[in-house]
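We count residues from 1, following the sequence as given. Remember, it's a predicted structure, so these values are computed and weren't measured experimentally.
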Amino acid sequence: MMLICLYPFMSSVAHTFSSMSTHARHICYFLDYGALSLYSLGCAFTYGAYVMPDCWINSTLHHYFVPVAAFNTFICTGLSCYSRFLEVERPALSKVLRTAAFVHPFVFDNIPLFYRVFFCFGGDCTRNEAIPLHIYHLIFALLTGFLFASHLPERLAPGRFDYFGHSHQLFHICAVLGTHFQLEAVLCDRSSREAWLTMYSQADSLSSTLGVVATSVIGNIILICFFTATLLWSPRADSILQSHIPGDAKCKEH
């Protein structure tokens with residue numbers, strides 16, 4: 001819950017303070033990307049605990065699910081932060097890297113859910129009342145990704161959606177709605193599967209929970225500090241700093 005609450009908070013901080021200066025703009029979004037990466041780890045914790053199919057409990061994937069998700073946070077933060085340095089010279093590659101940075105942990109975290117919803121049928125599949133809620137979450141997650149990548153509707157009518165109805169606004173609304181259904185689905189799975197999971201699933205240790213979170217947080221902070229230092233002192237950052245002049249139309253977050 002702490003990690004899930006972190007991403008809308010940091011997004012609000014980024015959108016509030018990114019207009020202070022060109023440096024602030026990029027640093028704010030570095031922090032935003034780090035929070036999104038840690039949100040994916042929060043999803044992995046809950047999915048590993050409550051959403052994993054019955055037939056996958058205590059499997060190799062189950063044992064390594066959270067550690068791999070923690071490693072994915074480094075990939076996500078690193079790729080998304082690096083993509084900002086390519087915005088001017090290679091904008092298409094920048095967009096691809098940033099999109100891939102967030103699609104990758106989403107796909108990995110949802111492997112157990114995809115299997116339960118689309119491929120698992122029979123006695124070991126836990127077809128309970130949480131499934132419709134999981135489907136609503138997936139619909140809003142796909143809609144969120146579509147809005148991020150397509151820039152609709154403003155690309156069809158430039159200038160008419162600058163204040164209301166912009167794709168980035170719709171993107172955030174769909175993301176929060178998706179998270180709402182995700183939480184409801186997880187709580188539903190927890191309620192209906194708690195007795196079975198307590199009996200057959202191994203209990204988590206302090207190192208596999210708080211230890212993993214602490215390692216991921218520290219690692220992501222180090223990555224953000226590295227990219228911030230590169231932004232402040234590396235000559236390679238001159239192109240993106242000079243291209244985003246405060247007050248210029250290019251300064252708008254796409």
Side-chain angles (χ1 to χ4, degrees), residues 1-18 24-25 27-52 65-81 98 101-110 112-113 130 133-145 147-148 168-191 194 204 206-225 228 253:
M1 281 298 299
M2 291 175 62
L3 296 177
I4 287 173
C5 290
L6 180 65
Y7 93 84
F9 171 75
M10 282 310 307
S11 182
S12 299
V13 169
H15 284 79
T16 301
F17 297 106
S18 63
R25 164 185 160 80
I27 293 171
C28 280
Y29 285 108
F30 290 162
L31 294 169
D32 188 21
Y33 300 152
L36 282 168
S37 300
L38 292 173
Y39 161 66
S40 73
L41 177 60
C43 295
F45 273 118
T46 54
Y47 281 25
Y50 305 122
V51 180
M52 194 71 62
F65 190 66
V66 169
V68 173
F71 180 74
N72 286 341
T73 66
F74 304 139
I75 297 176
C76 179
T77 300
L79 276 180
S80 54
C81 290
R98 196 172 307 169
F102 299 118
V103 169
H104 167 67
F106 170 79
V107 171
F108 177 80
D109 287 350
N110 282 279
L113 181 57
L133 295 170
H134 282 304
I135 292 174
Y136 294 151
H137 160 238
L138 291 176
I139 290 172
F140 278 105
L142 292 174
L143 187 56
T144 299
L147 291 167
F148 177 80
H168 203 73
Q169 296 169 346
L170 301 176
F171 160 86
H172 279 290
I173 292 170
C174 289
V176 171
L177 285 173
T179 302
H180 163 72
F181 285 113
Q182 182 182 38
L183 287 172
E184 291 296 320
V186 167
L187 289 173
C188 187
D189 265 330
R190 179 186 180 276
S191 176
E194 185 172 15
D204 291 321
L206 196 64
S207 61
S208 66
T209 52
L210 292 180
V212 172
V213 172
T215 302
S216 299
V217 170
I218 292 171
N220 276 274
I221 289 174
I222 291 172
L223 278 171
I224 291 169
C225 288
T228 299
E253 177 65 17

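The heavy-atom pair separating Ile224 from Gly34 by the smallest distance is CD1-CA, 4.1 Å. Summarising the geometry of His172 relative to Ser11, their closest heavy-atom pair is CE1-OG, 2.8 Å, with the distance given to 0.1 Å. Nearest heavy atom pair, residue Leu113 against residue His137, reads CD2-ND1, 4.3 Å. The shortest heavy-atom contact between Pro8 and Cys5 is CD-O, 3.4 Å. The two residues Phe65 and Ala44 make their nearest non-hydrogen contact at CE2-O, 3.4 Å. When all heavy atoms of Phe140 and Cys174 are compared, the closest pair comes out as CB-O, 3.7 Å.
There is a side-chain donor-acceptor pair under 3.5 Å between Thr73 and Asn220. A donor-acceptor contact closer than 3.5 angstrom is absent between the side chains of Ser37 and Tyr7. Donor-acceptor pairing under 3.5 Å is recorded for the side chains of His15 and His168.
Between Phe71 and Thr215 the shortest side-chain heavy-atom distance does not fall below 4.5 Å. Residues His104 and Ile75 form a side-chain contact, since some pair of their non-hydrogen atoms from C-beta on lies under 4.5 Å apart. Counting heavy atoms from C-beta outward, Phe17 and Arg25 have side chains that stay 4.5 Å or more apart.
Within the model, atoms CG of Leu170 and OG1 of Thr144 stand 10.0 Å from one another, a figure rounded to the nearest 0.5 Å. Atoms CE and CG, from Met10 and Leu31 in turn, are 4.5 Å apart once rounded to the nearest 0.5 Å. Distance check: Leu38 CG to Ile4 CD1 gives 12.0 Å after rounding to the nearest 0.5 Å.
Every residue two or more places apart in sequence or in another chain that forms a salt bridge (charged side-chain N to carboxylate O under 4.0 Å, His left out) with Glu194 is listed here: Arg190. Contacts of Asp189 classified as salt bridge (charged side-chain N to carboxylate O under 4.0 Å, His left out), with partners at least two apart in sequence or in another chain: Arg116. Every residue two or more places apart in sequence or in another chain that forms a side chain to side chain contact (heavy atoms under 4.5 Å, CB included) with Val212 is listed here: Leu41, Phe45, Val66, Ala70, Ser216. Annotation: side chain to side chain contact (heavy atoms under 4.5 Å, CB included) contacts of Ala24 (sequence neighbours excluded): Met20, Ser21. Considering only residues two or more places apart in sequence or on other chains, Ile222 meets the side chain to side chain contact (heavy atoms under 4.5 Å, CB included) condition with Ile218. In terms of the ring-ring contact (aromatic ring centres under 6.0 Å, His included) criterion, Phe30 has no residue partners (sequence neighbours excluded).
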The test is side chain to side chain contact (heavy atoms under 4.5 Å, CB included); show your working for Gln182 and Thr46 and say whether it passes. CA-CA 10 Å; Gln182 182 182 38; Thr46 54; 5.6 Å; no
Run the side chain to side chain contact (heavy atoms under 4.5 Å, CB included) test on Phe102 and Cys76 for me, step by step, so that the C-alpha distance in whole Å, both residues' side-chain angles and the decisive distance to 0.1 Å come before the verdict. CA-CA 6 Å; Phe102 299 118; Cys76 179; 3.4 Å; yes
Candidate pair Val213 and Thr209, rule side chain to side chain contact (heavy atoms under 4.5 Å, CB included), full reasoning: CA-CA 6 Å; Val213 172; Thr209 52; 6.0 Å; no
Test side chain to side chain contact (heavy atoms under 4.5 Å, CB included) on Tyr39 and Leu3 and set out the steps. CA-CA 5 Å; Tyr39 161 66; Leu3 296 177; 5.6 Å; no
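Under a 3.5 Å cut-off, the side chain of Ser18 and the backbone N or O of Cys28 do not form any donor-acceptor pair. With Thr77 contributing its side chain and Phe74 its backbone, the two residues share no donor-acceptor pair below 3.5 Å. Not one N or O on the side chain of Ser208 forms a donor-acceptor pair closer than 3.5 Å with the backbone of Asp204.
The aromatic rings of His134 and Tyr47 sit perpendicular, their planes meeting at an angle over 60°, well past the 30° parallel limit.
Annotation for Tyr136: atom OH does not count as buried by contact number, only 12 or fewer foreign heavy atoms lying within 6.0 Å.
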